[in-house]
Structure formats: C-alpha cells, structure tokens
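As a basis for the values below, the full set of heavy atoms in this structure was taken, side chains included, without hydrogen atoms, waters or symmetry mates.
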Amino acid sequence: MITIDDFKKIDLRVAKIINVQRIEGSEKLLKLQLDMGTEQRQIVAGIGLAYDPDILIGKEIIIVANLEPRLLMGIESQGMLLAAGDNRPVLLQPDKEVAPGSLIR
C-alpha cells in the first residue's frame, strides 16, 4: 500500500505521438517522439509486436512524465507509457481528445 502523498509524486500526463521508429536489433522496442504541450520528448516502449508504427502517429497516450531517463539499447527514454496486458499490450488512452501535456488527476 502507498499513501496518497506517494501517489501524488507520480506525474501522469497526456502525450500525443508525433513520430515512431522501430529500433534496429529489437522486435519489441519502438522509439516514440511525443508532443507534451510545452515540450517534446522521446520514450522507448516495448510495444512493437502489438502495434505497427504507422497507426500510432496522432494517438494520445498516458505517460509517467517524471521518471529518471534510462538508456534502452543505447537510446534515452524520457518517461514510460501506460499499457495493460503482458503479451499484447494495449495502450491506455483518453476516450476524448485532450490537450497534450494535460495532467491526469
């Protein structure tokens, strides 16, 4: 169990996917360029078996925006997207259009 104060430390934001590339040498990893409203950033996500890069462009997703950057296959990931499922992840998305960078409350 965590406290509400612990939960408040997690910065969940809406991000719009503006570009996607497969990462050479990996079947699962994709590099996503995101519009966060006031900035752009990239994340690396293991959704390449479940999603074709072309269908992701323009989608809004939910990300954890305040994780420390991490290198995956030599590429910096500046956050983490939220998805459900293990074998075939399903992206968590707003059900209506929301401004990029919007805070999830």
Side-chain angles (χ1 to χ4, degrees):
M1 302 296 278
I2 64 171
T3 67
I4 191 68
D5 290 331
D6 289 334
F7 181 75
K8 287 179 181 179
K9 293 177 187 176
I10 303 169
D11 185 8
L12 299 173
R13 301 277 174 161
V14 174
K16 188 170 200 167
I17 301 172
I18 55 177
N19 193 22
V20 182
Q21 296 176 324
R22 290 202 176 272
I23 295 178
E24 191 173 323
S26 174
E27 293 181 339
K28 289 174 50 174
L29 294 179
L30 299 177
K31 180 172 73 170
L32 289 75
Q33 297 293 328
L34 305 175
D35 176 4
M36 298 285 299
T38 59
E39 67 176 298
Q40 290 187 2
R41 64 171 71 181
Q42 70 182 19
I43 61 171
V44 176
I47 60 171
L49 293 177
Y51 290 94
D52 183 79
D54 293 335
I55 68 163
L56 292 171
I57 296 172
K59 288 193 180 291
E60 291 182 328
I61 59 173
I62 309 301
I63 71 161
V64 180
N66 62 336
L67 287 178
E68 287 186 17
R70 180 176 173 198
L71 288 179
L72 297 168
M73 293 193 70
I75 300 170
E76 185 176 67
S77 184
Q78 302 163 331
M80 178 186 290
L81 63 77
L82 298 184
D86 293 325
N87 295 333
R88 296 295 252 181
V90 176
L91 296 175
L92 300 184
Q93 301 175 290
D95 68 348
K96 295 181 183 171
E97 191 169 334
V98 181
S102 292
L103 180 64
I104 306 298
R105 301 177 195 261

Taking ILVMFWY side chains as joined if any heavy atoms are under 4.5 angstrom apart, and letting links pass through other members, which residues group with L29?
I23, V44, L72, M73, I75

Knowing that exactly one of V14, L56, L34, L82 qualifies, which makes a side chain to side chain contact (heavy atoms under 4.5 Å, CB included) with I61?
L34

Please name all residues satisfying side chain to side chain contact (heavy atoms under 4.5 Å, CB included) with A45, sequence neighbours left out, ordered by chain then number.
L32, I47, L81

For the residue pair A83 and P89, what are the closest heavy atoms and their distance?
CB-CB, 3.9 Å

Q78 side chain to P69 main-chain N or O, any donor-acceptor pair under 3.5 Å?
no

Linking I/L/V/M/F/W/Y whenever any side-chain heavy atoms sit under 4.5 Å apart, do L12 and I63 land together?
no

Are I2 and M80 linked, directly or through other ILVMFWY residues, by side chains that come within less than 4.5 angstrom of each other?
yes

Apart from L49 itself, what residues make up its hydrophobic cluster when side-chain heavy atoms of I, L, V, M, F, W and Y under 4.5 Å apart count as a link, directly or indirectly?
none

List the residues meeting side-chain hydrogen bond (donor to acceptor under 3.5 Å, both in side chains) with Q40, not counting sequence neighbours, and say none if there are none.
none

Under the salt bridge (charged side-chain N to carboxylate O under 4.0 Å, His left out) definition, can you give me all pairs with a residue in residues 8-24, not counting sequence neighbours?
D6-K9, D11-R13

Listing request: all salt bridge (charged side-chain N to carboxylate O under 4.0 Å, His left out) pairs with a residue in residues 36-46, at least two apart in sequence or in separate chains.
E39-R41

Show every donor-acceptor pair shorter than 3.5 Å between a side-chain atom in residues 90-105 and any protein atom, with sequence neighbours excluded, or say none if there are none.
| residue | atom | partner | partner atom | Å |
| --- | --- | --- | --- | --- |
| Q93 | NE2 | E60 | O | 3.3 |
| S102 | OG | A99 | O | 2.7 |

Out of curiosity, L30 CG to I43 CD1, how far, rounded to the nearest 0.5 Å?
10.0 Å

Straight-line distance of I18 CD1 to Q42 CD, nearest 0.5 Å:
10.5 Å

Flag if over 12 foreign heavy atoms under 6.0 Å of CE, M36:
yes

